[in-house]
Chemist: 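Right, I'll just put the structure down here and ask away after.
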2 protein chains.
Amino acid sequence: MPTRRPPRTDVTPAGRLDEARLHHVLGYQMAQATIVTNAVFMAHAGEPFGLRPVEYTVLTLIVENPGGSLARLARALAVTAPNITMWIDKLEARGLVRRQPSATDRRAQVLQATPQGEALARQATQAILEAERAALTTLSPAEHAMLVELLHKVACARGDGAG
Amino acid sequence: MPTRRPPRTDVTPAGRLDEARLHHVLGYQMAQATIVTNAVFMAHAGEPFGLRPVEYTVLTLIVENPGGSLARLARALAVTAPNITMWIDKLEARGLVRRQPSATDRRAQVLQATPQGEALARQATQAILEAERAALTTLSPAEHAMLVELLHKVACARGDGAG
DNA sequence: TATTGTTATACTCTATAACTATA
DNA sequence: TATAGTTATAGAGTATAACAATA
């Protein structure tokens, strides 16, 4: 007679550890899922294109919002001003984005992606979308789409007392 | 006549930036949502109980899996061995967990939470669950539960070619 | 030969403080 | 007085390499 094991539905994906109460903590599940999405990003976009997650996000937000300032970018990503300065420095040194003086506010700098930056962002996004779809066969297309929307709703809770 | 603004459904929660293509990148939405869950954790569990996110997770996994090894914990959290050693050092110095020699493997150390560690983990989990529920009024209870399950499915994709 | 755990070390990333310039 | 951006500096966190002990 084989050893009986109690049925388990709550386990960590890799470490085979119980997570009975932890299972319902959203922050914990976010961290565990981020392990997967980070690995997908690094393998299919980060390493091929030489981009860190933050660099990719910053670059793409600039591509999709030409003419934005560094301060607005810092708020969007919840990072500090010196931090954004550093990442823009790196992207500018690689010729992916450009700083230009704002026409309306002489304190501010306006950001714009170069043609190379736009091309890189487009290729990276394409690669990530395909890689995520391929990696997450555990989710149906409908579930995948629903997850994205639910996460967006969570993100929109920002400012409502969460941070 | 007021200035006309084009209707926008895809914007960053805080920075008011378009994210048309970025919107469908799961890793990006994960990062944005993590800003919220991290803030909730820090405000209601991290600062009150003096716990970093990793510390909370490590402690709770030990509470729910007494007798596990450091190596297994490292795999569960996808962190390196020296990293786990450091976090266990900190938790042990605070009297929250204990290391004990394994009875079956003389290389391994077995981890166990102290009564104080168990109490702290229980209180912290309670606080997080309540705080997340309170902060995410933008999600219905059903959506909240579904989000947790979808994230769990994503996390379970680990090892299937994602990392 | 692989695995467990530790130490030492370096690197990445982030945060804080102080500053200039402009609103 | 507040905001935009930069610089300098310190701190947190992580990774790598090398090692000892055991499987």
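Proteins come first, then strands; the chains are lettered A, B, ... in the order of their sequence lines, and each starts at number 1.
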Chemist: Which atoms of nucleotides 9-19 of chain C (N or O only) lie under 3.5 Å from a protein N or O atom, and what are those distances?
Modeler:
unit_1: dC13(C); atom_1: OP1; unit_2: R52(A); atom_2: NE; d: 2.5
unit_1: dC13(C); atom_1: OP1; unit_2: R52(A); atom_2: NH1; d: 2.9
unit_1: dT14(C); atom_1: OP2; unit_2: N83(A); atom_2: OD1; d: 3.3
unit_1: dT14(C); atom_1: OP2; unit_2: N83(A); atom_2: ND2; d: 3.4
unit_1: dT14(C); atom_1: OP2; unit_2: W87(A); atom_2: NE1; d: 3.2
unit_1: dT14(C); atom_1: O5'; unit_2: N83(A); atom_2: ND2; d: 3.4

Chemist: Please tell me if T85(B) has a side-chain N or O lying less than 4.0 Å from either OP1 or OP2 of dG5(C).
Modeler: no

Chemist: Are there more than 12 heavy atoms of other residues, nucleotides or ligands under 6.0 Å from atom CE of M42(A)?
Modeler: yes

Chemist: Take the protein atom CG of D89(A) and the nucleotide atom P of dG5(D), then report the distance between them rounded to whole Å.
Modeler: 12 Å

Chemist: Whole-Å distance between dA15(D) C1' and M42(A) CE?
Modeler: 13 Å

Chemist: Judged by modelled atom types alone, do Q126(B) and H44(B) share a side-chain donor-acceptor pair under 3.5 Å?
Modeler: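 Side-chain D/A pair, Q126(B) to H44(B): absent.
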
Chemist: How are the rings of Y56(A) and F41(A) set to each other: parallel, tilted or perpendicular (split at 30° and 60°)?
Modeler: tilted

Chemist: Nearest 0.5 Å, what's the CE-CG distance between M30(A) and L151(A)?
Modeler: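 Going from CE on M30(A) over to CG on L151(A), the span is 5.5 Å.
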
Chemist: Checking the side chain of Q32(B) only, and the main-chain atoms of A155(A) only, is there a donor and an acceptor separated by less than 3.5 Å?
Modeler: no

Chemist: Between N38(B) (CG) and dG13(D) (P), how many Å, whole number?
Modeler: 12 Å

Chemist: Taking R122(A)'s backbone N and O only, do any of them form a donor-acceptor pair with T125(A)'s side chain (distance below 3.5 Å, no angle check)?
Modeler: no

Chemist: With a 4.5 Å cut-off on side-chain heavy atoms, are R94(A) and L51(A) touching?
Modeler: yes

Chemist: Calculate the interatomic distance between L73(B) atom CG and dT3(C) atom P; express it in whole Å.
Modeler: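 These atoms are roughly 18 Å apart.
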
Chemist: Answer yes or no: does atom CE of M146(A) have more than 12 heavy-atom neighbours from other residues, nucleotides or ligands under 6.0 Å?
Modeler: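 Incorrect, the count does not exceed 12.
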
Chemist: If you compare every side-chain N and O of R72(B) against the phosphate oxygens of dG5(C) (OP1, OP2), does one of them come in below 4.0 Å?
Modeler: no

Chemist: So which of residues 93-114 of chain B are in contact with DNA chain D, with a heavy-atom cut-off of under 4.0 Å?
Modeler: D105(B), R106(B), R107(B)

Chemist: Please state how far atom CD1 in I88(A) lies from atom P in dG5(D), giving the value in whole angstrom units.
Modeler: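 The distance from CD1 of I88(A) to P of dG5(D) comes to 10 Å, rounded to the nearest Å.
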
